[in-house]
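Following: one structure in structure tokens, then a few remarks.
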There are 2 protein chains.
Amino acid sequence: MARIVDVARRAGVSTATVSRALNGKNVRPELAAAVRDAVAELGYSPDRTARSLRRRHSEVIALVLPDVENPFFTAVARGVEDVALEAGLSVVLCNTDDRADKEERYLAVVHDEKMAGVLLAPATSTPSIDKLVGHGRSVVVFDRRVTHAVDQVTFDNRSLGYRAARALADRGFRRIACITGPAATSTAVDRADGWRDALRDAGLAADDDLLVHANFRVDGGYEALGVLLDRSPTADAVLATNNLAGVGVLRALADRYGRPLPSPGAGAGGKVTGPELGVGVVGDLPFATSRTSDVTLVPLSPRSLGVTAARLLLGRIAGDDAPARHIVQEIEDATVSARTAR
Amino acid sequence: MARIVDVARRAGVSTATVSRALNGKNVRPELAAAVRDAVAELGYSPDRTARSLRRRHSEVIALVLPDVENPFFTAVARGVEDVALEAGLSVVLCNTDDRADKEERYLAVVHDEKMAGVLLAPATSTPSIDKLVGHGRSVVVFDRRVTHAVDQVTFDNRSLGYRAARALADRGFRRIACITGPAATSTAVDRADGWRDALRDAGLAADDDLLVHANFRVDGGYEALGVLLDRSPTADAVLATNNLAGVGVLRALADRYGRPLPSPGAGAGGKVTGPELGVGVVGDLPFATSRTSDVTLVPLSPRSLGVTAARLLLGRIAGDDAPARHIVQEIEDATVSARTAR
DNA sequence: CAGTGAGCAGCAATCGATTACAGCAGGAAG
DNA sequence: CTTCCTGCTGTAATCGATTGCTGCTCACTG
């Protein structure tokens with residue numbers, strides 16, 4: 001494999017000049033051209049390992065996720081990856097299963113590998129990033145809030161919950177339940193808060209027994225629906241504050257009643273009887289196998305979230321040292337996609 | 001940050017001894033203990049960049065995928081990640097969008113970053129891996145076949161297609177169509193071949209107009225169903241040879257007819273009339289929002305595929321230089337999960 | 001014409017770990 | 001007692017690119 005000395009010899013210059021020519025420093029044009037030719041002839045590409053050693057950081061960033069199998073996070077990964085590729089960075093994917101120990105382990109790897117930065121969707125509200133930040137590594141937290149003074153990119157989760165609940169109320173539902181995630185997850189809490197506010201504003205009750213905490217996975221939503229129907233049989237709609245919980249709710253309803261979702265007050269349309277439940281979901285259902293036009297969806301834009309977070313990180317890596325920012329990611333499509341009540 | 005010389009000084013030995021102690025070479029036990037203590041006291045962890053430079057390869061492997069947003073591949077990623085973490089390797093995720101140019105670019109990065117190896121689900125049947133293999137980099141191709149003499153891990157795709165089609169035939173369907181992927185994708189071709197064989201064996205016609213080529217995404221399946229119904233209105237079942245195509249088919253049916261799937265020969269049960277179509281899918285539907293008990297599913301085990309491929313790669317990285325192998329990944333759960341015909 | 005400064009190129013140090021080689025101690029064999 | 005061998009340990013070279021420092025050239029100024 002060609003090394004920098006080979007290029008230097010062939011171009012008749014020193015390795016220092018080759019390095020500078022390749023890195024856009026000031027070099028006399030004719031020498032730069034000679035270097036370019038030599039590089040082309042030898043098919044040289046710099047050894048990134050050596051470069052990283054000397055520069056003291058690599059051209060790799062880590063994307064630390066609670067769950068790579070969640071389509072929300074894979075869409076985030078897409079956005080991150082596009083931005084990173086553009087900038088010549090590689091993305092290392094790390095899956096924490098929402099466990100603090102795995103997260104910590106990966107953050108240690110980020111450190112040892114001298115990665116340029118980390119994009120972190122934290123498993124807890126107090127991730128172990130102090131050491132990284134202390135060593136000047138760039139860190140951007142996204143999706144969920146943390147207490148540290150680091151860059152953060154989140155949605156306006158309270159507003160998302162509010163809009164979803166409000167849309168259900170506008171469709172005519174009167175007892176709107178909420179299935180949300182663990183109390184330790186800021187998105188779960190914030191969206192539930194929005195749900196509560198919307199119900200108050202609509203003059204509806206937001207009783208405690210209308211709120212169910214589950215995990216933010218399909219099984220969580222599935223089981224939570226059962227819990228909810230037992231506890232609050234009078235509920236006429238349910239809001240799932242996360243995409244997978246929403247999938248679980250929809251599947252549970254399909255398994256129980258096997259028919260399309262109702263409008264408020266409509267009689268039982270199909271042959272199977274059961275409660276008339278309206279469904280709202282904060283998030284997207286890219287792999288839904290049923291019609292979703294009856295579901296009150298508040299779509300997110302996970303890809304944009306990834307793009308925003310990645311751009312912010314790139315800026316930091318490039319040397320931006322302004323105080324930590326908290327960016328609220330706008331939703332591209334602000335409309336709630338569901339038929340309005342007839 | 002503590003370096004190896006700091007550890008050496010503190011333990012009263014040379015850096016060589018520290019290195020050997022840490023890498024399991026022969027070192028007098030009391031010195032090894034001293035090193036261990038010094039490492040613990042200083043919180044030392046070796047700089048992987050320097051190690052990679054010297055060892056001439058890093059502790060990172062690349063996972064090159066056609067589509068990170070496909071749950072099949074994210075499940076593969078999970079399997080790979082678990083094995084890699086266990087072995088102290090990091091996984092870089094690369095998304096090619098099934099494009100040869102992006103794939104080539106990522107394979108170049110694999111080379112320049114001196115990554116230990118690459119797991120590749122190739123975009124074409126002739127990926128640019130010769131240079132990597134030539135430089136002694138370990139390569140394992142999975143999911144799709146290639147013509148190179150490299151390690152490969154695939155399912156028995158013909159058998160998968162066969163079993164799915166056979167199960168539909170056993171349920172009583174007589175004109176079973178097939179929606180498969182691009183003709184350039186080996187999985188698409190092999191599974192369609194299996195479908196054809198099953199129909200022949202069952203004494204059914206496998207006319208050309210029952211086979212539709214689409215892309216292996218949701219929109220592909222969705223549109224293909226329309227094409228199919230136009231072209232072959234007499235079809236009474238359809239087999240989607242891939243998970244996302246299956247999602248597309250199911251959603252298209254839900255949008256058109258808005259009701260659960262029928263058994264063969266049953267009258268129109270719901271209020272909307274339309275063709276009575278049985279559905280089979282090769283793959284899993286982890287995010288289905290409808291009941292899937294009427295769908296003839298041939299589940300795969302993408303996670304195991306990832307585990308197998310990763311283990312094979314680790315073996316190669318560790319120095320296994322046996323001739324290239326082609327492993328056929330067994331399906332864990334060989335049963336076709338669908339109600340049998342009533 | 002001497003002095004000053006800008007611009008550029010090269011030498012050599014540097015990043016931090018691994019490892020070839022040489023040296024040394026202690027035991028076995030002759 | 002000498003020789004040889006085995007088994008550790010330490011010194012220093014090494015991986016390959018980047019960059020601080022020095023010094024040269026050339027243009028411009030006074």
Side-chain angles (χ1 to χ4, degrees), chain A residues 1-36 38-39 42-60 88 109 111-116 135-137 317 319, chain B residues 1-36 38-39 42-60 88 109 111-116 135-137 317 319:
Chain A
M1 206 53 216
R3 291 161 311 148
I4 198 171
V5 289
D6 304 322
V7 176
R9 225 184 324 261
R10 179 145 197 153
V13 298
S14 73
T15 61
T17 300
V18 174
S19 174
R20 286 192 271 253
L22 261 41
N23 289 294
K25 307 281 174 63
N26 275 339
V27 169
R28 228 176 339 144
E30 59 266 35
L31 292 191
V35 168
R36 225 182 315 111
V39 165
L42 296 172
Y44 168 78
S45 67
D47 181 309
R48 304 211 198 183
T49 307
R51 168 178 291 178
S52 301
L53 178 60
R54 181 60 225 232
R55 287 211 179 140
R56 322 200 56 154
H57 71 82
S58 73
E59 288 154 311
V60 172
V109 171
H111 178 263
D112 296 346
E113 288 263 8
K114 284 192 174 28
M115 293 185 188
H135 282 87
R137 219 45 96 231
I317 291 171
Chain B
M1 206 52 214
R3 291 160 310 148
I4 198 171
V5 289
D6 304 322
V7 176
R9 225 183 324 259
R10 179 146 198 150
V13 297
S14 72
T15 60
T17 299
V18 175
S19 174
R20 285 191 273 252
L22 262 40
N23 290 293
K25 308 280 175 63
N26 275 340
V27 169
R28 224 175 343 139
E30 60 267 35
L31 292 192
V35 168
R36 226 181 315 109
V39 164
L42 295 172
Y44 168 79
S45 66
D47 181 310
R48 304 212 198 182
T49 308
R51 169 178 288 178
S52 301
L53 177 60
R54 183 61 226 235
R55 288 211 178 139
R56 320 201 56 151
H57 71 80
S58 73
E59 288 154 312
V60 172
V109 171
H111 178 264
D112 295 347
E113 288 263 9
K114 285 191 170 35
M115 292 185 189
H135 282 88
R137 216 52 91 226
I317 291 171

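Numbered from 1 within each chain, the chains take letters A, B, ... in sequence-line order.
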Nearest-Å distance for atom pair [atom1]/[atom2], residues [X] and [N]:
| X | N | atom1 | atom2 | answer |
| --- | --- | --- | --- | --- |
| B:Arg9 | D:dG10 | CZ | P | 14 Å |
| A:His57 | C:dC15 | NE2 | P | 16 Å |
| B:Leu22 | C:dA17 | CG | C1' | 11 Å |
| A:Ile4 | C:dA12 | CD1 | P | 17 Å |
| B:Arg20 | D:dG7 | CZ | P | 15 Å |
| B:Arg3 | C:dC15 | CZ | C1' | 9 Å |
| B:Leu53 | D:dT18 | CG | P | 12 Å |
| B:Asp112 | D:dA17 | CG | P | 10 Å |

Taking every non-hydrogen atom, the tightest pair across [X] and [Y]:
| X | Y | answer |
| --- | --- | --- |
| B:Ser45 | A:Asp112 | OG-OD1, 2.7 Å |
| A:His57 | A:Ala116 | ND1-CB, 3.9 Å |
| B:Thr15 | B:Ala8 | N-CB, 3.7 Å |

With a non-hydrogen cut-off below 4.0 angstrom, is [X] in contact with a base, only sugar-phosphate, or nothing?
| X | result |
| --- | --- |
| B:Arg48 | nothing |
| A:Thr17 | sugar-phosphate |
| A:Val13 | sugar-phosphate |

Validation row: [X], [Y] side chains within 4.5 angstrom (heavy atoms):
| X | Y | value |
| --- | --- | --- |
| B:Arg28 | B:Thr17 | no |
| A:Arg10 | A:Val39 | no |
| B:Tyr44 | B:Leu22 | yes |
| B:His135 | B:His111 | yes |

Terminal helix-axis angle for the helix from C:dC1-D:dG30 to C:dG30-D:dC1, with five pairs defining each axis and rounding to 10 degrees | 50°

Side-chain donor or acceptor of B:Arg56 under 3.5 Å from a matching atom on the base of D:dG16?
-> no

Pair of N/O donor and acceptor under 3.5 Å linking D:dT14 base with B:Arg54 side chain = yes

According to a strict under-4.0 Å criterion, is B:Lys25 in side-chain N/O contact with OP1 or OP2 of D:dG7?
-> no

So, the side chain of A:Arg137 versus the backbone of A:Met115: is there a donor-acceptor pair under 3.5 Å, distance only?
-> yes

Ordered by number, residues from residues 26-34 of chain A within less than 4.0 Å of DNA chain D (heavy atoms) are none

Residue pair B:Arg55/A:Ala16 against DNA chain C: nearer the 5' end by closest nucleotide is A:Ala16

I would like to know whether B:Arg51 and B:Asn23 meet side chain to side chain contact (heavy atoms under 4.5 Å, CB included); could you show each step before the answer?
-> CA-CA 12 Å; B:Arg51 169 178 288 178; B:Asn23 290 293; 4.0 Å; yes

